[in-house]
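Just below is one structure, and these are the notes that go with it.
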Amino acid sequence: MITCTGCSLLCDDIDVVIENHRIKEVRNACRRGAAKLKGCRNRLRPSIDQTPADIDTSIKRAALILKNARSPMLYGWSNSTCEAQSNGIKLAKKLNAIIDDTSSFCQGLLIEKVLKKKFRACSLDDVKNKADVLVYWGSDAQDSQPRHLSRFSYFPRGESRQRGYEEDRIAIAIDVRESNTAKICKGHFYRIPLKGDREFILSLTGALSGKVPKHDAKRILELADIMKKAEFGAIFVGIGLTYSIKDDVDILVALGDMLPNFHILPMVGHYNMRGFNEALFKETGFVNRVRFDSTAVHENKYAIVEALKQKSIDALLVTGSDPLSCLPGSMISYLASIPVICIDPCVTLTSKISKITIPSAVSGIESGGSAVRMDGKVIELSGIVENNYLADTEILSRIMEEL
Amino acid sequence: MPTVMELYKLLPKTNCKKCGESTCMAFAVALLSRKKKVSECTPIIEEMFKKDREKLESLLLPSSGAGETGMIVHTELCTGCSNCVVACPVDVANDPRGAGTGGAPTNDKVIFRVVDGKVVASNIKECRRFGKNRVLCYACIDPCPTGAIEFV
Amino acid sequence: MGIDVGKFLKSPEFEIAITTYRDIFQVEALEYDRFGEEYRKLSAVIIMSREDMKKMGIKTGDRVKLINDHGSIVVEARESKREEPGGIAFMVNSPWSSALVSDDTGGKGIPEFKNITARISLTKNDISSLENLIFNSGEVEKNER
Ligand code: SF4
């Protein structure tokens, strides 16, 4: 049995058939997980200035670039093991570098609230055993965390939910789009306009305190009623909701406070984004966007997007992410103009413009370690496929030694 | 049952002969009569034909086991989410601690399991839609948002 | 580049609101080969409601140019298979949709990935290639300045 690193559910009930150092068949993982476990088609090779090099020289050159940079940034981390992440934080300290991760423009805002205990949280196992009302808000779990509904929320039988989902649970979707998750929620799908989340929260909090909403009164009152009567409720906050209320996250805290039986769980995509947030939080009190100097300083200008926009960094180490494939297109030209060091198992868009590339083992498959599930539970990763690649953890250690 | 033409349309139509037949049309006929397997067409294993391959495999499913009882799994639509595995009352009864509680099946008695990210049906005789106490069960169809399971 | 100016001028432009989403089949293609044909096919697409398409004279399979202050791309238009109220179009998260996302975040570091506005028009140009998006974005920007 191995752990899937396809998403932050870290399903640990996966069986695989291995042949010639490659996974040939995957059982029990979803389509997303099976693709991740079977691996990419193009493995990365070590290179300097886009010409092949040996890995030792690549590592030495990477260390040199970081050492000589005035303002280096270490970025990525959401597809790295906890061990690699803690090495990354060490490296950032040693270099007085900026460190940031993908949560910077994803769920970081909410994870911070969770770690600061601003939301009532619970584990996914609690959801399975107790929850009767499930609210997917701005989240299409079916496509992003495909086994969320079957393993933990809607479909499984749990300790106090023994009779099956039709009788025991209600699933609700609030979204701009009729997603696959919304389709499952059928009669309980609330379609909202783009950026309409804030207003919907206000109507809902109004309805919870007895005020009749201006729009769609009947359905919103009905929703408020279901939520009030819940024995154990969960709101799964997707990136759709987070983006929409990013300037006023406290409005969600206020909603949580009005619903004493509800728990708020941010939906995380990449398998170990939460691991990075927890590690940095423990070290500095911040979940991302930190610069180490004599102390750890947290500022928005240390966010990857701002740092690139303001052209304030002069070297970038990327691991466990492919920023070129997800950042706004207009940032690519600056990114391509500074020395980028890319550590990844696969050829990525970022590796194509990198000065140094260093191939790593696929974490969770070719190298082991641990990761933090979206609800905070630590899950062991198995390194089951034999290989000659260095683990990302080792690569970072070797860069540190070279400094 | 699919027609020869339906199968042919999904093949590469290059008459490359790698399958041992002289034309893709001949291979389609062989597929239909089950003398050949989809995997014997080596070009179709390549990524660019992936959707076609999955479509072909699901078209051919009806007479290969599961289909005897009318269930069709449209593999190309399946996301492997396991909703059906967990919701099927037969799976819950036969594997209460595994599939029934949302986990991977722990024995061979379940109807649904997920292989390579797509659902595969077996033990189809156990399905509540068949046998003498049959009921019109929708337990695997209802939780599937992509319409990957169908009874014909 | 071979832009057919005459054709381009003739096709009317419409304002369009776009939001992004995730599609498991596209994520699967990304894991397997982010430079592959399958990933491009599933990414370089805009999904629109039937009414919007009718209003704008766009049919499924047509190539459309999407342009705003941040970038410009060519993708394929497709009619939504779902019930849609209209007024909003959908693209999966990918370098194609990201080309249209502003890097101005008001200093807060979170771009508006899910809240894009652009102008849409029919085009005869080829669908933007990944290479185009990565390697030419800089040049295009420079030329414009
Ligand atoms: S739900 Fe996530 S962790 Fe589970 S099998 Fe799918 S991709 Fe892997």
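Below, chains carry the letters A, B, ... as their sequence lines are ordered, and counting in each starts from 1.
- Of all residues in residues 100-110 of chain A, those placing a non-hydrogen atom less than 4.5 angstrom from a non-hydrogen atom of chain C are Ser104(A), Phe105(A), Leu109(A).
- Side-chain contact between Arg177(A) and Ile88(C): absent, with no pair of heavy atoms (C-beta onward) separated by less than 4.5 Å.
- When each of Ser98(C), Ser97(C), Pro111(C) is tested with Pro328(A) by the rule side chain to side chain contact (heavy atoms under 4.5 Å, CB included), just one qualifies, namely Pro111(C).
- When side chains are defined from C-beta on, Asp143(A) does not count as touching Gln26(C), because their heavy atoms never get closer than 4.5 Å.
- Rounding to the nearest 0.5 Å places CG of Asp322(A) at 7.5 Å from CG of Leu30(C).
- Put simply, OH on Tyr334(A) and CG on Asp103(C) are 13.0 Å apart, with the number rounded to the nearest 0.5 Å.
- Of the two parts of Ile239(A), the backbone and the side chain both hold a non-hydrogen atom closer than 4.5 Å to a non-hydrogen atom of chain C.
- With a 4.5 Å cut-off on non-hydrogen atoms, Ala303(A) touches chain C through its side chain but not through its backbone.
- Comparing Ile353(A), Ile304(A), Val305(A) by heavy-atom pairs within less than 4.5 Å of chain C, the highest count is held by Val305(A).
- Here the side chain of Arg82(C) pairs a donor or acceptor atom with the backbone of Glu178(A) at under 3.5 angstrom.
- Within the 4.5 Å cutoff, side-chain heavy atoms of Ser325(A) are placed close to those of Arg34(C).
- Contacts of Tyr32(C) with chain A are made by both backbone and side-chain atoms, with heavy-atom separations under 4.5 Å.
- Proximity to chain A (any heavy atom under 4.5 Å) is shown, for Leu100(C), by neither the backbone nor the side chain.
- Between chain C and the residues Val347(A), Leu324(A), Asp140(A), Val176(A), the largest count of heavy-atom pairs under 4.5 Å involves Val347(A).
- Screening Lys38(A), Arg41(A), Arg43(A) for a salt bridge (charged side-chain N to carboxylate O under 4.0 Å, His left out) with Asp33(C), the sole residue that qualifies is Arg41(A).
- For chain A, the option among Gly106(C), Gly36(C), Pro95(C) with the highest count of heavy-atom pairs below 4.5 Å is Pro95(C).
- Of the atoms belonging to Lys183(A), it is side-chain heavy atoms, and not backbone ones, that fall under 4.5 Å from chain C.
- Interatomic distance, CD1 of Ile110(C) versus CG of Asn300(A), reported as 8.5 Å (0.5 Å rounding).
- For Lys309(A), the part lying near chain C is the side chain, with the backbone staying farther off; criterion is any non-hydrogen pair under 4.5 Å.
- Glu112(C) has a carboxylate O that lies under 4.0 Å from a charged side-chain N of Lys195(A), or vice versa, which qualifies the two as a salt bridge.
- Proximity to chain A (any heavy atom under 4.5 Å) is shown, for Asp23(C), by both the backbone and the side chain.
- For the residue pair Ala35(A) and Glu31(C), the shortest heavy atom distance occurs at CB-CB, 3.9 Å.
- Here the CG atom belonging to Asn42(A) is positioned 7.5 Å from the CZ atom belonging to Phe35(C), to the nearest 0.5 angstrom.
- One distance of note links CG of Leu349(A) with CG of Leu130(C); it measures 4.5 Å at 0.5 Å rounding.
- The 12-atom threshold is exceeded at CD of Glu79(C), counting heavy atoms of other residues, nucleotides or ligands nearer than 6.0 Å.
- Applying the 6.0 Å contact sphere to CZ of Arg45(A) captures no more than 12 heavy atoms from other residues, nucleotides or ligands.
- Among His70(C), Glu84(C), Arg22(C), the residue with the largest count of heavy-atom pairs under 4.5 Å with chain A is Arg22(C).
- Counting heavy-atom pairs closer than 4.5 Å to chain A, the top-ranked of the candidates Ser80(C), Ala99(C), Pro85(C) is Pro85(C).
- Proximity to chain C (any heavy atom under 4.5 Å) is restricted, for Cys326(A), to the backbone atoms N, CA, C and O.
- More than 12 heavy-atom neighbours from other residues, nucleotides or ligands sit within 6.0 angstrom of NZ on Lys186(A).
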